[in-house]
Amino acid sequence: VSGNAPRREDILRIDYQLNGKNRLYGRWIHNSENDSSPFTGGGGPYGVIACVSSINFPGGCIQKHPGWNFSLNLVSTITPTLLNEFSVGPSHTLSLVDGSNGNISRSKNGIDMQLLYPVSSTQSIPDMSFNDLPNTSPNGGNGFSSGYLGGTPWKQANTTINVNDSLSWVRHNHTLKAGVFYQRNRKDQIAWNNINGQFNFSLSPTGGGSCPAETDCTLGDPIASALIGEFQSFSQSTARPFGKFRYNQLEFYVQDTWKVSSRLTLDYGMRFAWIPPQYDANNQVALFDPASYNPANAVTIDPGSGTIITADGGDPLNGMRYTKNGEIPTGGWNSHGIMPEPRLGFAYDIFGSHKTILRGGVGMMHDRTQGNLIFNTVFNNPALVKTAQVAAGNIVHLPTLESTFGNGVQGDKNIIGADRNGKVPTVYSFSLGVQHEIARGTTLDLAYVGTMSRHLITSRNINAIPYGTAFTRAAQDPNNY
């Protein structure tokens, strides 16, 4: 199967002078894109974790990727010294990725075997990997993996609406500006959980017997193990949650450029930003809160398999808090309300000759945290998703294990917590420099430019053993002495 990526773009533009003081400008862009490609390894053919496979299927993988953008601008000259600019611009993009004509579905490939959790006939076939197959990996190693089809089909839709308005007023030796910016974003996205199931086969189940004397041979075959249904490990998730992620953002500012004298100009102003956390319109956000964890309700872990022993009782969701129950804020952590962002800059003609200028400035800005932070609180919500890790066994026994694993695992072991304070990432920028005209058409520019970032996002394992613990007296085993 060869790749094909036809793309069509339609553009419509309009300029209309309403009258002597008002000019209207509009633009509409529509993209139409329907791609086809072979299945590939790595991140898949389209940059999302879909159609990831070392095996190609008839018809390949298809992507529908339409989008549109619209902008409308109105420029109004209210007076010779007063100008207003208004714009509104919604945009939308959609990405749908799937196998062609159901080529990776269970029904199309004649697979009807039951797994640990129920799957439909339209679901992707299970993923398989084979250990100890000589020279089957790309680098010549001993292993082969079919890929990952758990993220197929894939859907993502993103709509953003921007509204801007700015007012400029020139009065004497001042240029005053004020404005407002509003953004609304809607992002719909499905999780990548492997509800199709993942098998790993090895040579062990078929590795009985012994090699002939004075010979070197390999006992067993992972493909033969697969044919008799004996796997080394198996994992499967119960669901692929679908999130409807939303946010609003509002910013406004006032600014003045003041020409104090023929040698000195000042720029100063204040911007204000309201950046509340992104949230899920389906109200599926879940976070672990250490303060809510009750040791009396702890579950018992089987040291051999790492799974929960349900017969011993305990609450697998111990310490979890949910937006659905009103236990945590809608976006998982608190909003910091309206935050100030001061700005100051200057330009000074040192000698009054217009040849040596000293410039400097400082400013403060805030930034929205990336969306995956909130996406993962939905995709790993243990009340929605359970992922079982089954040790060696036979495929025919999987359906009988559902009662054992039904409540015994959670969230693919990727439970997420967050600081309720929700500090917003902040950047401080500053600069100081000198520009000097050495000769006609030649200028020397020497400057120091710096930035400092604070409240950046990081993550840590709250269960990690502190550094140096292994060297403490309490951690030593007296039986070794």
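Below, each value reflects all heavy atoms present in this structure, side chains not excepted, and no hydrogens, waters or symmetry copies.
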Nearest 0.5 Å, please: how far is [atom2] in [Y] from [atom1] in [X]?
X	Y	atom1	atom2	answer
Asn283	Thr330	CG	OG1	6.5 Å
Asp188	Phe245	CG	CZ	9.0 Å
Gln284	Phe242	CD	CZ	10.0 Å
Asp256	Met270	CG	CE	13.5 Å
Asp267	Phe346	CG	CZ	11.0 Å
Trp274	Asn248	CH2	CG	5.5 Å

Would a 4.5 Å heavy-atom cut-off, applied to side chains only, mark [X] and [Y] as touching?
X	Y	value
Asn34	Ser32	yes
Val88	Asn162	no
Ile49	Tyr148	yes
Leu149	Val52	no
Ile457	Leu373	yes
Met339	Glu341	no
Gln255	Thr257	yes
Leu96	Pro153	no

Which pair of non-hydrogen atoms, one from [X] and one from [Y], has the smallest distance, and what is that distance?
X	Y	value
Thr122	Ser105	O-CB, 3.7 Å
Arg368	Pro277	NH1-C, 3.9 Å
Thr40	Pro45	OG1-N, 3.1 Å
Leu115	Pro126	CD1-CG, 4.4 Å
Ser91	Asn69	CB-ND2, 3.5 Å
Ser87	Asn73	CB-ND2, 3.3 Å

State whether the side chain of [X] and the backbone N or O of [Y] hold a donor-acceptor pair below 3.5 Å, judged by distance alone.
X	Y	result
Gln236	Leu116	yes
Asn109	Asn103	yes
Asn194	Asn196	no
Thr81	Arg171	no
Asp349	His354	yes
Ser54	Ser145	yes
Arg420	Ile328	no
Glu327	Tyr322	yes
Asn380	Asn376	yes
Asn193	Arg240	no

Pair Met365, Ser429 - check side-chain contact (heavy atoms from CB on, under 4.5 Å), show working. CA-CA 8 Å; Met365 293 140 281; Ser429 299; 3.3 Å; yes
Neighbour count >12 (heavy atoms, 6.0 Å) for atom [atom1], [X]:
X	atom1	value
Gln114	CD	no
Lys21	NZ	no
Asn297	CG	yes
Arg23	CZ	no

Side-chain donor-acceptor pair under 3.5 Å between [X] and [Y], yes or no?
X	Y	result
Tyr247	Gln183	yes
Asn318	Asn294	no
Lys155	Gln189	no
Asn421	Asn334	no
Asn31	Glu33	no
Ser76	Asn22	yes
Ser95	Gln63	yes
Thr356	His436	yes

Quick one: sort the Trp258 and Tyr268 rings into parallel, tilted or perpendicular, breaks at 30° and 60°. perpendicular
Relative to each other, are the rings of His30 and Trp28 parallel, tilted or perpendicular (30° and 60° limits)? parallel
Would you sort out whether Arg246 and Gln278 count as a side chain to side chain donor-acceptor pair (under 3.5 Å), showing the intermediate values? CA-CA 6 Å; Arg246 309 287 186 261; Gln278 197 167 13; over 6 Å; no
Electrostatic pair Asp15:Arg13 at N-O distance under 4.0 angstrom: yes
Step by step, work out the side chain to side chain donor-acceptor pair (under 3.5 Å) result for Ser107 and Ser121. CA-CA 5 Å; Ser107 60; Ser121 60; 4.6 Å; no
Let's go through Ile350 and Ile357 carefully: what are the C-alpha distance in whole Å and the side-chain angles of both, what is the deciding distance for side-chain contact (heavy atoms from CB on, under 4.5 Å) to 0.1 Å, and is it a yes or a no? CA-CA 6 Å; Ile350 298 177; Ile357 308 298; over 6 Å; no
Aromatic centroids of Phe272 and Tyr253 separated by under 6.0 Å: no
Aromatic ring proximity Phe39/Phe57, centre distance under 6.0 Å: yes
Check step by step if side-chain contact (heavy atoms from CB on, under 4.5 Å) holds for Tyr448 and Phe430. CA-CA 8 Å; Tyr448 174 81; Phe430 44 89; 3.6 Å; yes
Would Asp35 and Tyr46 count as a side-chain contact (heavy atoms from CB on, under 4.5 Å) if you check the C-alpha gap in whole Å, the side-chain angles of each, and the deciding distance to 0.1 Å? CA-CA 9 Å; Asp35 305 328; Tyr46 304 117; 3.7 Å; yes
Test Arg454 against Tyr428 for side chain to side chain donor-acceptor pair (under 3.5 Å), laying out the working first. CA-CA 8 Å; Arg454 297 292 184 268; Tyr428 302 90; over 6 Å; no
